[in-house]
Amino acid sequence: MNFQFGVDYYPEHWPEERWETDVRLMAEMGLKVVRLAEFAWNKLEPAQGRFDFTWLDRALAVFDRHGLKAVLGTPSAAPPAWLIAAHPDILPVDSEGRTRGFGGRHHDCQSNPTYREHVARIVGAMAMHYGKDPRVVGWQTDNELGNSHEDTCHCRHCKTAFQIWLKEKYGDITDLNRAWGTVFWSQTYDSFTQVPTPALTLTAHSPSLLLDWKRFHSDLIVDFQQKEIDLLRAGTTCQFITHNFMGYFDLIDYFKLATPLDFVSHDQYPWGFWDVPPGKNPGLLASTLDLMAGLKGQAFWIMEQQAGPTGWQILARTPRPGQLALWAAQSIARGADTVVFFRWRSCTVGTEQYWHGILPHNGVPGRRYEELKALIAALAPVMPRFEGALSGAEVAIVHSYEQNWAFEIQPHHPELDYVKFAQEVHAAFFEKNVPADFVSDRADLGRYKLVVAPLVFLDLPGVSDHLKSYVKAGGHLILTVRTGVKDTANVCLAENALPGPYGELLGIEILDYDCLRGVTVPVTLGQISGQGRLWWDVVTLKGARILASGTGTDHTGEPAATAHTSGKGVAMYWATVPDQDLMAVLIDRALVDAGIESLGTSAPGVELARRRSAEGDFLFMLNHTSEARSQEPGQGWIALVGGTSLAPFGFSVFFKPVQEGKV
Ligand SMILES: [Zn+2]
């Protein structure tokens with residue numbers, strides 16, 4: 001169920017006399033769907049048990065008259081003042097023991113049974129009222145789950161819930177003690193009720209406790225969402241359920257959060273006020289969208305696509321003319337089937353007064369309205385042709401929330417960051433215009449010719465066998481430093497030398513390593529040179545061949561990258577974190593060996609992205625620069641939108657039918 005374009009609207013923020021004008025203007029620019037009500041708890045339930053849907057009914061009637069369908073958000077991210085006044089223990093407690101007060105949003109604890117009861121009442125009432133309403137096509141659970149909860153809650157309910165979670169996982173406290181190694185520093189527990197949350201203490205908590213806490217907290221939010229989903233599924237017919245994800249946000253295992261949803265939605269803000277100017281680069285934006293497609297391996301929605309300058313107390317730069325449309329086109333190029341802009345009109349009140357919408361504060365359509373209207377006119381007619389299609393990538397990058405959490409707990413090197421490493425790997429493919437999917441560590445890898453699995457630190461159940469089978473069957477796999485180091489409880493493996501269960505597959509052994517604090521190691525690969533950064537494994541060859549070697553004073557002649565044939569495939573190892581130059585060469589070699597072709601060579605700053613449908617290939621050419629660019633798509637492509645001349649921040653779409661598109 002797709003609508004191509006929509007907008008987020010807050011009828012409760014504006015006089016009712018204005019609604020008709022707003023919705024007429026939306027329809028005139030080609031918008032087909034609107035998201036409503038995700039923060040409107042107090043307007044929908046002004047006092048406990050007293051519901052008022054009349055205003056939302058009237059708003060839906062206006063949308064219906066103009067042909068727009070609605071997605072309703074459950075309002076659990078904004079518990080009203082009356083609820084907090086009656087039940088202040090709903091408020092979250094931070095890791096320093098401070099209760100966070102009412103105000104802002106998300107001022108709640110997701111373990112709190114009272115809060116959950118009230119959420120169930122409002123969600124149940126909404127499902128009852130709108131569950132069979134044909135004007136409502138779907139639901140968004142909560143809003144940006146986990147947002148504002150980065151510190152996690154340490155209240156008594158969360159502590160108890162954590163202890164119950166541990167008991168369910170370990171069964172007996174002696175098993176937890178053994179798994180975590182609580183003999184260290186006399187931390188042995190007699191019962192689960194003695195296990196603390198990782199609140200403020202004098203030194204550092206056990207890495208095993210910290211990892212389980214992160215898992216628990218992710219599970220807690222997944223469970224919180226599931227309760228809403230259960231209520232919605234019970235009360236609705238034919239309406240989809242989605243949630244607005246936040247790209248690389250990492251408090252929750254997004255693969256698990258996505259599982260029960262019909263599809264993933266994402267909030268895409270290329271220039272958020274938190275970014276250093278000029279904001280995220282095009283490759284990083286592309287990787288964020290590819291991660292969102294990877295969560296369920298399917299096309300997605302953008303539920304909030306940037307529609308103007310962003311800011312709360314501080315503002316980001318104003319997108320240049322054409323840039324908002326370009327960013328929306330990029331979202332579509334990388335798998336969005338519907339793009340909903342945030343928001344319709346810049347709000348005059350509240351924290352997000354400067355989070356600008358399509359319309360300025362005065363409500364008069366201006367350049368943003370005209371720019372996005374032109375975008376919709378150009379793209380909406382062709383979008384149904386590639387609905388549901390993704391890039392058809394032959395490269396996958398394994399992404400694991402648990403591995404990321406382990407590195408958040410112990411980064412090793414201050415600059416070693418799991419997500420950043422994954423983004424650098426993605427960037428190497430992006431620069432070559434090679435589509436690359438993000439996949440979970442348990443995903444079916446059969447359709448990929450090349451898989452990169454950075455930092456497979458924890459030996460999680462089944463993963464090493466899964467990756468070994470992939471190589472044996474003919475896959476090309478790249479593993480990196482800090483692979484096969486620990487068990488699932490975040491305890492160091494000691495049965496074999498590093499890289500633990502991967503030694504035989506990779507044909508190497510690592511008996512020594514060097515955290516590269518304050519130094520890099522020059523590396524040569526044929527005529528090409530680069531730098532090894534952050535970490536250096538001293539590799540002993542046990543059948544592998546050397547791809548690149550160190551030349552610095554400390555690690556001269558030591559392998560920087562190796563390859564080992566195993567079964568029908570090849571397993572490669574990066575014994576250091578390659579800089580951009582070295583990674584580009586290593587990826588080039590791997591692409592050639594795996595027989596993977598690029599979408600083509602592009603002019604500087606021009607992104608190429610493909611959606612491969614049953615009908616054929618759709619090629620997007622996106623000019624992320626402020627200068628005009630000329631870009632040829634190659635042989636056999638038919639122009640659908642625009643052409644080979646790309647205006648500053650312009651884009652075009654080409655098509656190649658399937659019989660010519662298949663190599
Ligand atoms: Zn709590």
Side-chain angles (χ1 to χ4, degrees), residues 1-12 23 26-27 31-41 43-45 51-78 119-145 222-245 257-267 292 295-296 298-304 336-342 383-384 387-388:
M1 192 181 291
N2 286 295
F3 301 88
Q4 291 81 52
F5 292 96
V7 73
D8 300 306
Y9 186 57
Y10 301 88
E12 67 273 29
V23 181
M26 290 175 198
L31 301 174
K32 300 285 187 205
V33 68
V34 61
R35 183 195 62 179
L36 300 163
E38 82 279 8
F39 291 114
W41 191 338
K43 282 286 286 183
L44 294 168
E45 190 187 13
F51 296 104
D52 178 10
F53 295 113
T54 56
W55 64 276
L56 190 52
D57 291 341
R58 292 196 299 277
L60 285 172
V62 180
F63 285 111
D64 192 46
R65 267 206 306 285
H66 290 276
L68 278 81
K69 295 294 186 186
V71 177
L72 298 183
T74 63
S76 40
V119 168
R121 194 185 55 253
I122 182 70
V123 173
M126 288 179 79
M128 179 93 74
H129 194 84
Y130 293 112
K132 296 176 177 61
D133 189 328
R135 300 171 301 183
V136 176
V137 292
W139 297 84
Q140 173 192 294
T141 56
D142 201 276
N143 178 77
E144 298 179 345
L145 280 162
V222 170
D223 178 70
F224 180 83
Q225 174 183 254
Q226 189 61 50
K227 296 290 184 288
E228 292 200 0
I229 291 172
D230 291 345
L231 286 161
L232 293 171
R233 295 259 185 243
T236 63
T237 50
C238 308
Q239 294 169 333
F240 63 74
I241 302 177
T242 186
H243 176 71
N244 54 339
F245 291 67
L257 195 69
T259 298
L261 298 170
D262 292 303
F263 57 86
V264 163
S265 296
H266 164 62
D267 294 349
M292 295 298 98
L295 294 180
K296 286 180 82 74
Q298 68 184 41
F300 55 93
W301 278 33
I302 300 292
M303 199 58 93
E304 299 184 13
D337 275 345
T338 294
V339 171
V340 179
F341 292 100
F342 186 90
M383 286 168 70
E387 185 176 291

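On a predicted model such as this, the values are computed, not experimentally measured, just so you know. FYI, side chains are in, hydrogens and waters are out, and symmetry mates aren't considered; it's all heavy atoms of this structure.
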Within-4.5 Å side-chain heavy-atom neighbours: Lys43 and Trp55: yes

Min side-chain heavy-atom separation Leu231-Lys227 under 4.5 Å: no

Mutual orientation of the aromatic rings belonging to Phe342 and Tyr10 [parallel < 30°, tilted 30-60°, perpendicular > 60°]: perpendicular

Spacing of OG belonging to Ser265 relative to CZ belonging to Phe245, to within rounding of 0.5 Å: 8.0 Å

Leu68/Val33 under side chain to side chain contact (heavy atoms under 4.5 Å, CB included): CA gap, chis, key distance, verdict: CA-CA 5 Å; Leu68 278 81; Val33 68; over 6 Å; no

Within-4.5 Å side-chain heavy-atom neighbours: Gln4 and Pro384: yes

For the student: nearest non-hydrogen atoms of Tyr9 and Leu36, plus distance: O-CD2, 3.5 Å

Residue pair Asp8, Glu304: steps toward the side chain to side chain contact (heavy atoms under 4.5 Å, CB included) verdict: CA-CA 7 Å; Asp8 300 306; Glu304 299 184 13; 3.5 Å; yes

Aromatic contact, His129 with Phe53 (centres under 6.0 Å): yes

N/O donor-acceptor pair under 3.5 Å between Thr338 side chain and Phe3 backbone: yes

Rounded distance [0.5 Å steps], CE in Met292 versus CD in Gln298: 12.5 Å

Stepwise side chain to side chain contact (heavy atoms under 4.5 Å, CB included) test for Phe341 and Phe5: CA-CA 8 Å; Phe341 292 100; Phe5 292 96; 3.8 Å; yes

Distance, nearest 0.5 Å, that separates SG of Cys238 from NZ of Lys132: 10.0 Å

Reported CG-to-CG distance for the pair Leu232 and Leu72, which is rounded to 0.5 angstrom: 9.5 Å

Asp142 side chain near Val119 side chain, heavy-atom distance below 4.5 Å: no

Exam field: side chain His243 to backbone Leu145, donor-acceptor pair closer than 3.5 Å: yes

Between Gln225 and Thr141, a side-chain donor and acceptor under 3.5 Å: yes

Among Leu257, Asn244, Leu295, side-chain contact (heavy atoms from CB on, under 4.5 Å) partner for Val264: Leu295

Shortest non-hydrogen separation from Glu228 to Ser76 and the atoms involved: OE2-OG, 2.5 Å

Reported CD1-to-CE distance for the pair Ile122 and Met126, which is rounded to 0.5 angstrom: 6.0 Å

Shortest non-hydrogen contact from Pro75 toward Ala40: CB-N, 3.9 Å

Side chain proximity check, Met303 to Val71, heavy atoms < 4.5 angstrom: yes

Heavy-atom side-chain proximity of Glu144 to Asp267 below 4.5 angstrom: yes

Cationic N near anionic O, under 4.0 Å, Arg233 to Asp262: yes

Trp139 ring center within less than 6.0 Å of Phe240 ring center: no

Pair Thr242-Gln140, side-chain hydrogen bond (donor to acceptor under 3.5 Å, both in side chains): steps then yes or no: CA-CA 5 Å; Thr242 186; Gln140 173 192 294; over 6 Å; no

Any side-chain heavy-atom pair of Leu60 and Val136 under 4.5 Å: yes

Residues Arg135 and Asp64 bridged, charged N to O under 4.0 Å: no

Rounded distance [0.5 Å steps], CG in Leu261 versus CZ in Phe300: 14.5 Å

Side-chain donor/acceptor of Glu38 to backbone N/O of Ala77, under 3.5 Å: no

Phe263 and Asp337, any side-chain heavy atoms less than 4.5 Å apart: no

